[in-house]
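The structure appears right after this line, and notes come after that.
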Protein chains: 2
Amino acid sequence: MALMQSADTRYSKPVLVAVNKPFDDEDGLQALRSHPLFRNLRPRDLESLIQQSRRLRLGHHQLLYRQDMPAHHFFFVISGRLRLYRLDSSGIDRTLDSIAPGDCFAEVMIYADPPRYACYAEALKSSEVLMIPVKAYRELLDQHPEYAQAALSHYAKRAVTRFHDLEIMTVQNARDRLIRYLIDLLPNGTEQGGEVELPLPKCLVASRLAMQPETFSRILADLKANGLVRVNRSKLFISDPQRLIEISQ
Amino acid sequence: MALMQSADTRYSKPVLVAVNKPFDDEDGLQALRSHPLFRNLRPRDLESLIQQSRRLRLGHHQLLYRQDMPAHHFFFVISGRLRLYRLDSSGIDRTLDSIAPGDCFAEVMIYADPPRYACYAEALKSSEVLMIPVKAYRELLDQHPEYAQAALSHYAKRAVTRFHDLEIMTVQNARDRLIRYLIDLLPNGTEQGGEVELPLPKCLVASRLAMQPETFSRILADLKANGLVRVNRSKLFISDPQRLIEISQ
DNA sequence: CTGAGTAATTGATTTAACTCAAAGATTAGT
DNA sequence: ACTAATCTTTGAGTTAAATCAATTACTCAG
């Protein structure tokens with residue numbers, strides 16, 4: 001019943017039904033082959049895994065899975081972009097993560113117990129994902145324990161990232177939270193400034209940072225007025241990251 | 001230099017210097033033997049790991065490690081309680097987690113690269129921890145790949161927990177954040193109400209939830225006035241969790 | 001290319017949460 | 001048990017951010 005509570009009618013399209021063309025390989029899977037979770041697999045094993053997977057096309061705003069649904073698959077993004085979010089009891093939509101091509105998500109489900117998705121996942125624009133059976137990957141790990149190293153390392157990294165995300169959210173004021181978020185978008189070690197692209201529409205970045213879209217807009221306008229960022233659609237140019245950090249105290 | 005920036009003079013005691021009695025086993029390590037990361041180790045391997053570890057006593061407020069310090073060990077809490085926190089550039093202390101006896105922490109360092117602590121760790125009261133060399137545990141995993149399963153499962157759980165913590169922090173108002181936090185402290189599936197103990201002093205719970213101590217106090221006073229919780233020091237009795245959830249909308 | 005629907009901005013107002021301050025309560029250490 | 005230090009609570013005033021409302025700018029599907 002938790003699965004049905006959404007009043008959001010946009011999401012009425014079928015969910016998790018792979019009606020697409022049979023899988024024909026060799027487009028868009030280069031990134032998969034170099035992903036930490038897969039790059040050490042022997043070709044045979046990787047091919048077998050891919051054979052057991054399905055390629056799934058998602059339209060703009062199409063829901064991939066719902067919070068609390070049994071999780072039999074995890075996902076690799078071939079193209080497009082997705083977002084993870086939760087709905088609270090009053091229906092407020094809270095964005096938790098965005099996912100770019102080349103990334104995996106819901107991969108912790110491989111070892112979750114019970115295996116249920118912890119949030120909703122939807123396409124932000126038309127996207128293509130590979131839908132990998134949890135069971136298949138797990139069997140691979142069980143049969144070839146040497147593969148576990150990569151998975152462990154990946155999971156450790158994931159845990160660190162989440163910890164870091166949590167840290168940003170303990171920053172008490174909206175402006176500093178936004179600044180920290182922007183700094184983190186810069187390729188690390190950027191001193192001389194650089195351009196970043198918001199991975200989400202502004203209203204969803206706002207949601208991710210626990211503030212209203214209006215607040216987001218005003219803070220950005222203010223940073224712009226102070227010459228700290230230049231804004232062009234979803235692209236932001238940050239001329240002096242150091243100064244930005246100082247301003248956030 | 002980041003290591004030295006704290007203006008906090010409380011933390012002048014030596015850090016990470018194990019000057020304690022040689023390790024003599026068989027007190028307080030029962031919990032270790034049943035921890036997911038260790039319970040599947042063969043006795044020989046576990047003993048070897050314990051031999052390579054040192055038991056460390058920490059006094060009240062004593063710092064265990066600093067953010068950005070090279071991480072050669074991870075930890076198991078034998079007794080007491082610790083907290084993880086970060087200091088931002090203006091010296092504001094932001095609490096990220098609290099750790100109880102029987103828990104491991106900094107265990108993601110086993111696979112981190114570079115291995116540096118992501119935050120500070122200090123004892124909240126006098127505590128005892130086991131300081132396990134990252135290298136030793138890693139070698140164990142490399143030599144006995146069958147151990148990896150437990151580690152993977154543990155890491156997956158950790159990632160889910162952090163995700164969940166993040167979710168709470170995307171709740172925009174302080175009252176609802178606090179309510180969500182309290183609900184999560186209840187043993188899961190508690191319907192009829194129950195008592196929870198705050199794992200941190202109130203001012204640090206406030207910091208963990210990105211609010212001021214005064215705000216925390218006022219919200220709690222208000223919940224108390226509405227008969228939603230009864231407060232006794234750091235113990236809270238929540239009579240009707242369901243109603244509390246409803247109130248948080 | 002066009003228009004409907006969504007997203008973003010800006011202004012005015014209200015409210016929640018912060019800050020400062022001072023008095024109690026609790027805790028840790030002697 | 002006592003004392004000093006820290007934590008907690010409460011009050012009053014201020015500020016940051018939310019809300020409400022209206023306009024403008026995008027986006028994308030047809």
Side-chain angles (χ1 to χ4, degrees), chain A residues 8-11 13 58-62 80-81 83 90 92-95 122-127 170-179 198 200-225 231-236 248-249, chain B residues 8-11 13 58-62 80-81 83 90 92-93 95 122-127 169-179 197-198 200-225 229 231-236 248-249:
Chain A
D8 199 333
T9 53
R10 280 190 311 188
Y11 303 129
K13 295 173 204 171
L58 299 166
H60 183 231
H61 273 156
Q62 191 177 349
R81 190 172 283 274
R83 105 179 146 110
S90 58
I92 292 170
D93 168 327
R94 291 181 287 125
T95 298
E122 68 157 21
L124 285 169
K125 48 184 169 183
S126 79
S127 304
T170 63
V171 173
Q172 286 194 32
N173 73 76
R175 160 188 285 245
D176 293 353
R177 242 164 22 238
L178 174 52
I179 289 177
L198 296 176
L200 295 162
K202 289 170 183 172
C203 65
L204 295 181
V205 175
S207 150
R208 167 69 181 72
L209 295 175
M211 67 182 75
Q212 295 301 321
E214 294 94 329
T215 303
F216 179 95
S217 180
R218 282 186 244 267
I219 292 170
L220 205 58
D222 182 69
L223 293 178
K224 201 162 44 174
V231 182
N232 179 240
R233 321 238 185 217
S234 70
K235 290 191 171 62
L236 309 184
S248 81
Q249 299 268 1
Chain B
D8 200 333
T9 54
R10 278 190 312 188
Y11 303 130
K13 296 173 205 172
L58 299 167
H60 183 233
H61 272 157
Q62 190 175 351
R81 189 172 284 274
R83 105 179 146 109
S90 58
I92 292 170
D93 168 328
T95 299
E122 67 158 21
L124 285 169
K125 48 183 169 181
S126 79
S127 303
M169 297 310 288
T170 63
V171 173
Q172 285 194 31
N173 74 75
R175 160 187 285 246
D176 293 352
R177 242 162 23 238
L178 173 52
I179 290 176
E197 174 144 24
L198 296 176
L200 294 162
K202 288 170 184 170
C203 65
L204 295 181
V205 175
S207 151
R208 168 69 181 72
L209 295 175
M211 67 183 75
Q212 296 301 127
E214 295 94 328
T215 303
F216 179 95
S217 179
R218 282 185 243 268
I219 292 170
L220 206 58
D222 183 69
L223 293 178
K224 202 162 45 173
V229 298
V231 182
N232 179 240
R233 321 234 186 217
S234 70
K235 289 191 172 64
L236 310 184
S248 81
Q249 299 268 359

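Everything numeric in this text was worked out from a predicted model, so none of it was measured. So that the names make sense, note that chain A is the first sequence line, chain B the second, and so on, each numbered from 1. Excluded from the calculations below are hydrogen atoms, water molecules and symmetry mates; all remaining heavy atoms, backbone and side chain alike, are included.
- Between the CZ atom in A:R83 and the NE2 atom in A:H61 there is a gap of 7.0 Å [rounded to 0.5 Å].
- A:T95 and A:R208 share no side-chain donor-acceptor pair at under 3.5 Å.
- Within 4.0 Å of A:R218, counting heavy atoms only, lies at least one base atom of the nucleic acid.
- Between the CG atom of B:L198 and the P atom of C:dT27 there is a distance of 12 Å, given to the nearest Å.
- Residue-to-nucleotide contacts include no donor-acceptor pair under 3.5 Å from the side chain of B:R175 to the base of C:dT15.
- Using a 4.0 Å heavy-atom cutoff across all strands shown, A:P213 reaches no nucleic acid atom at all.
- Spacing between atom CZ of B:R177 and atom C1' of D:dA18 amounts to 13 Å, rounded to whole angstrom units.
- Heavy-atom nearest nucleotides on DNA chain C were determined for A:C203 and for B:A210, and the one closer to the 5' end corresponds to A:C203.
- Contact between the side-chain N/O atoms of B:S217 and the OP1/OP2 oxygens of D:dT9 is found at a separation under 4.0 Å.
- Nucleotides of DNA chain C nearest to B:K125 and B:Q212 differ in position, and the one nearer the 5' end is that of B:Q212.
- Spacing between atom CE of A:M211 and atom C1' of C:dT15 amounts to 18 Å, rounded to whole angstrom units.
- To the nearest 0.5 Å, atom CZ of residue B:R177 and atom OG of residue B:S248 are 12.5 Å apart.
- Atom CG of A:L200 and atom P of D:dC26 are 20 Å apart (whole Å).
- Side-chain to base pairing of B:E214 with C:dC20: one donor and one acceptor N or O lie within less than 3.5 Å of each other.
- Residue B:E197 holds its CD atom at 4.0 Å from NZ of B:K235, rounded to the nearest 0.5 Å.
- Nearest to the side-chain atoms of B:H60 among the listed nucleotides C:dA28, C:dC18, D:dC7 stands C:dA28.
- Distance check, rounded to the nearest 0.5 Å: CD of B:E122 to CG of B:L58 gives 10.0 Å.
- Across the protein-nucleic acid pair, A:N173 atom CG and C:dC18 atom C1' stand 10 Å apart, rounded to whole Å.
- For C:dT27, the OP1/OP2 oxygens have a side-chain nitrogen or oxygen of B:R233 closer than 4.0 Å.
- Checking D:dC7, D:dT9, D:dT27 against the side-chain heavy atoms of B:H61 singles out D:dC7 as nearest.
- Distances shorter than 4.0 Å separate none of the side-chain N or O atoms of A:K202 from OP1 or OP2 on D:dC26.
- Nucleic acid contact class of A:Q172 (heavy atoms, under 4.0 Å, all strands): sugar-phosphate only.
- Here the CD-OG1 distance, from B:Q212 to B:T215, works out to 6.0 Å after rounding to the nearest 0.5 Å.
- Rounding to whole angstrom units, CD1 of residue A:I92 and C1' of D:dA18 are separated by 12 Å.
- The distance from atom CG of B:L178 to atom C1' of C:dA17 is 14 Å, rounded to the nearest whole Å.
- Atom pair A:L209:CG and D:dA18:P shows a separation of 11 Å (rounding to whole Å applied).
- Closest approach to the B:A174 side chain among D:dC7, C:dA17, C:dC18 is made by C:dA17 (side chain taken as heavy atoms from C-beta onward).
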